[in-house]
Every structure is written in structure tokens, then in C-alpha cells.
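A short worksheet on the structure shown next.
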Amino acid sequence: MSDSILSVLKLRPKAVEWRLVEGEIVAVDLRSSVYFAVNRTGATIWPDLASGATREALVERLAQACEIDPAQAAREVDDFLASLAELDLLET
């Protein structure tokens, strides 16, 4: 197995404050004071990212929660993780 599959991904501590509001995540990047919202799909895996999870676990959680095939879940997780990485909100 590749190290990237086994790496634990986590929201960067003290970088983001968030709340679950009506099934969506509303968050603020504490460093830039930029607010953003995460849709229901992202909200499904957000709590796992807050506590730390592998990519594989995130894919499995999304596939089960949204009743989609693992390949689609993997694409959606990868896109979401790329967005968070671009905002520098993730650590491994």
C-alpha cells in the first residue's frame, strides 16, 4: 500500500473554526478571516477530517453515507481534499 493511502489527514489545528448548520459546514479560515461553506457531501466527511482520517476511510464513509460507488466517492474526496490543501487547511 502506498503511504498516501495510509497517511492520516486532518484539518490544521487552530487554522479553521467551523459549525454544522442545517447539514452544511460554515467555516472561517482564522488566518485570513475568510468565510466559506462546505456542501452536504463535504459535510459528511468534515468531522472525520477534524479528528483525523485516512483517505481510504473518507472514501468509504462518503460512499456509504451517500450511497454512491467507491470510484465516484474517491473522485469527490480527492477533489475536496485538493480544495482544502489549496487553502492550506490540511496537514498529514
Side-chain angles (χ1 to χ4, degrees):
M1 288 192 166
S2 127
D3 287 340
S4 63
I5 291 174
L6 299 176
S7 294
V8 172
L9 303 164
K10 188 174 183 177
L11 293 172
R12 190 173 298 284
K14 300 182 183 178
V16 64
E17 186 67 37
W18 61 276
R19 298 287 181 267
L20 180 62
V21 179
E22 296 183 15
E24 295 186 359
I25 298 294
V26 177
V28 62
D29 181 335
L30 297 174
R31 297 163 299 171
S32 65
S33 298
V34 172
Y35 284 87
F36 58 96
V38 177
N39 66 20
R40 291 180 191 272
T41 301
T44 300
I45 61 173
W46 187 275
D48 296 328
L49 280 170
S51 61
T54 64
R55 176 191 172 273
E56 183 178 67
L58 296 171
V59 169
E60 183 177 323
R61 170 115 165 97
L62 185 62
Q64 288 177 356
C66 295
E67 298 180 352
I68 58 177
D69 69 83
Q72 180 181 351
R75 287 189 300 274
E76 292 188 23
V77 166
D78 289 343
D79 288 346
F80 186 62
L81 292 176
S83 296
L84 292 175
E86 187 174 304
L87 295 169
D88 193 31
L89 295 177
L90 283 181
E91 68 177 19
T92 55

Output the distance between atom OG (Ser32) and atom CG (Leu89), rounded to the nearest 0.5 Å. 8.0 Å

Within-4.5 Å side-chain heavy-atom neighbours: Glu91 and Pro13: yes

Please check this pair: side chain of Arg61 against backbone of Ile45, looking for a donor-acceptor N/O pair closer than 3.5 Å. no

Does the side chain of Leu49 reach to within under 4.5 Å of the side chain of Phe80, using non-hydrogen atoms? yes

Same cluster for Leu9 and Leu87 if Ile/Leu/Val/Met/Phe/Trp/Tyr side chains link at under 4.5 Å? yes

Least distance between heavy atoms, Pro47 atom then Thr44 atom: CD-O, 4.0 Å

Quick one: CG on Leu62 to CZ on Arg75, what's the gap to the nearest 0.5 Å? 11.0 Å

If hydrophobic clusters are built from ILVMFWY residues whose side chains come within less than 4.5 Å, do Phe36 and Val77 share one? yes

Ser33 side chain to Asp29 main-chain N or O, any donor-acceptor pair under 3.5 Å? no

If I take atom CD from residue Glu60 and atom OG1 from residue Thr54, how far apart are they, to the nearest 0.5 angstrom? 8.5 Å

Measuring only between side-chain heavy atoms, which start at C-beta, is Leu20 closer than 4.5 Å to Ile25? yes

Do Val16 and Leu30 come within less than 4.5 Å of each other through their side chains, counting heavy atoms only? no

What distance separates Glu24 CD from Thr41 OG1, expressed to the nearest 0.5 Å? 9.5 Å

Quick one: does Arg55's side chain have a donor or acceptor within less than 3.5 Å of a partner on Asp78's backbone? no

Would you check if the side chain of Arg31 reaches a backbone N or O of Lys14 as a donor-acceptor pair within less than 3.5 Å? no

Any heavy-atom pair between the side chains of Trp46 and Leu84 that's under 4.5 Å? yes

Which pair of heavy atoms, one from Gly23 and one from Ala43, lies closest together, and at what distance? O-CB, 3.5 Å

Would a hydrophobic clustering, with Ile, Leu, Val, Met, Phe, Trp and Tyr connected at side-chain separations under 4.5 Å, put Val38 with Ile68? yes

In terms of heavy-atom contacts, Leu58 and Ala53 come closest through CD2-CB, 3.9 Å

Inter-residue atom distance Glu76.CD - Cys66.SG, 0.5 Å rounding: 7.0 Å

